[in-house]
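To start, the structure under review is shown below, and the notes come after it.
From a predicted model like this one, the values you see are computed outputs, not experimental measurements. Atoms considered below: every heavy atom in the structure, side chains included; atoms not considered: hydrogens, waters and symmetry mates.
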Amino acid sequence: MTITKRDTIGGGQTAEQDTTDYSQIKAKNYYLQIGGAGLAISANYDARFNAERNGWGYTVGIGGFSSEGNSVITVPFQINYLIGEHSSMLQVGGGATFLRSTGNNTGKTLSFERITGFVSTGSFGYRYHP
């Protein structure tokens with residue numbers, strides 16, 4: 001879909017201002033997330049594989065938290081599919097999150113053992129693209 005804006009200027013002439021083909025712009029998003037695939041707080045990047053707003057894409061991020069001498073670092077990665085058109089989309093996806101936790105097991109409210117590994121993740125939800 002190509003959107004062209006035309007304005008009339010003196011003498012009935014038209015001036016084209018925007019001939020960008022918006023259907024060929026790859027959807028890219030940056031966002032912060034609490035919970036979800038990052039397991040705690042994470043900063044994420046999401047993009048489509050094709051130059052469309054829907055269809056197959058991926059999300060990758062980095063996150064973690066620290067409390068009472070315990071710390072957790074996560075790196076989530078998911079493949080997802082967006083179903084829908086215009087601004088309302090249904091998102092379905094799955095992937096894995098790399099997890100590394102260190103701690104001393106002496107926390108009063110949270111205590112972690114030293115763990116390094118992967119956790120499988122999934123997503124199902126609504127996505128709004130203005």
Fill in: Side chains of T97 and T74, donor plus acceptor under 3.5 Å
no

Practice prompt. Identify the heavy atoms of F118 and A96 that sit nearest to each other, and give their distance.
Written response: CD2-CB, 4.3 Å

Worksheet item: Is it the case that one hydrophobic cluster holds both F65 and Y31, taking links as side-chain heavy atoms less than 4.5 Å apart, direct or via other members?
Response: no

Discussion item. I want to check something: taking the side chain as every heavy atom from C-beta on, are Q91 and N54 in contact at a cut-off of under 4.5 Å?
Written reply: no

Worksheet item: Which is it for V72 and L99 under the side chain to side chain contact (heavy atoms under 4.5 Å, CB included) test, yes or no, and what are the steps along the way?
Response: CA-CA 7 Å; V72 176; L99 168 72; 3.2 Å; yes

Fill in: side chain to side chain contact (heavy atoms under 4.5 Å, CB included) evaluation trace for D46 with K28
CA-CA 6 Å; D46 181 272; K28 300 175 190 173; over 6 Å; no

Worksheet item: Where is the tightest heavy-atom contact between N44 and G61, given as atom of each residue plus distance?
Response: OD1-CA, 3.5 Å

Worksheet item: Between S123 and Q78, what is the shortest heavy-atom contact and its length?
Response: OG-OE1, 3.5 Å

Item to complete: Using the rule that two of Ile, Leu, Val, Met, Phe, Trp, Tyr join whenever any of their side-chain heavy atoms come within less than 4.5 Å, decide whether I83 and F49 are in one cluster.
Response: yes

Worksheet entry | Sidechain-backbone polar pair: R100 side chain, G117 backbone, donor-acceptor under 3.5 Å | no

Worksheet item: To the nearest 0.5 Å, what is the distance between CD1 (I115) and OG1 (T102)?
Response: 10.5 Å

Discussion item. Are F124 and L90 packed together at the side-chain level, in the sense that at least one heavy-atom pair is separated by less than 4.5 angstrom?
Written reply: yes

Worksheet item: Is there a donor in the side chain of Y126 and an acceptor in the side chain of S88, or the other way round, less than 3.5 Å apart?
Response: yes

Practice prompt. Using distance alone, with no hydrogens and no angle criterion, decide if T59 and N80 have a side-chain donor and acceptor under 3.5 Å apart.
Written response: yes

Fill in: Heavy-atom pair of closest approach, residues R53 and M89
O-CE, 3.7 Å

Worksheet item: Does the ring centre of Y81 sit less than 6.0 Å away from the ring centre of W56?
Response: yes

Discussion item. Hydrophobic cluster membership, with links at side-chain heavy-atom distances under 4.5 Å among I/L/V/M/F/W/Y: are I79 and Y45 in one?
Written reply: yes

Item to complete: Please round to the nearest 0.5 Å and tell me the distance separating atom CD1 of I73 and atom OG of S66.
Response: 9.0 Å

Worksheet item: Atom OG of S101 and atom CG of N70: how far apart are they, to the nearest 0.5 Å?
Response: 8.0 Å

Worksheet item: Going by the angle between their ring planes, with limits at 30° and 60°, are Y58 and F77 parallel, tilted or perpendicular?
Response: parallel

Item to complete: Please tell me if the side chains of T116 and F98 come closer than 4.5 Å, counting only heavy atoms from C-beta onward.
Response: yes

Item to complete: Before giving the answer on side chain to side chain contact (heavy atoms under 4.5 Å, CB included), spell out for E52 and L82 the whole-Å C-alpha distance, their side-chain angles and the decisive distance to 0.1 Å.
Response: CA-CA 10 Å; E52 297 177 5; L82 296 180; over 6 Å; no

Item to complete: Compare every heavy atom of P76 with every heavy atom of A37, then report the nearest pair and how far apart it is.
Response: O-CB, 3.6 Å

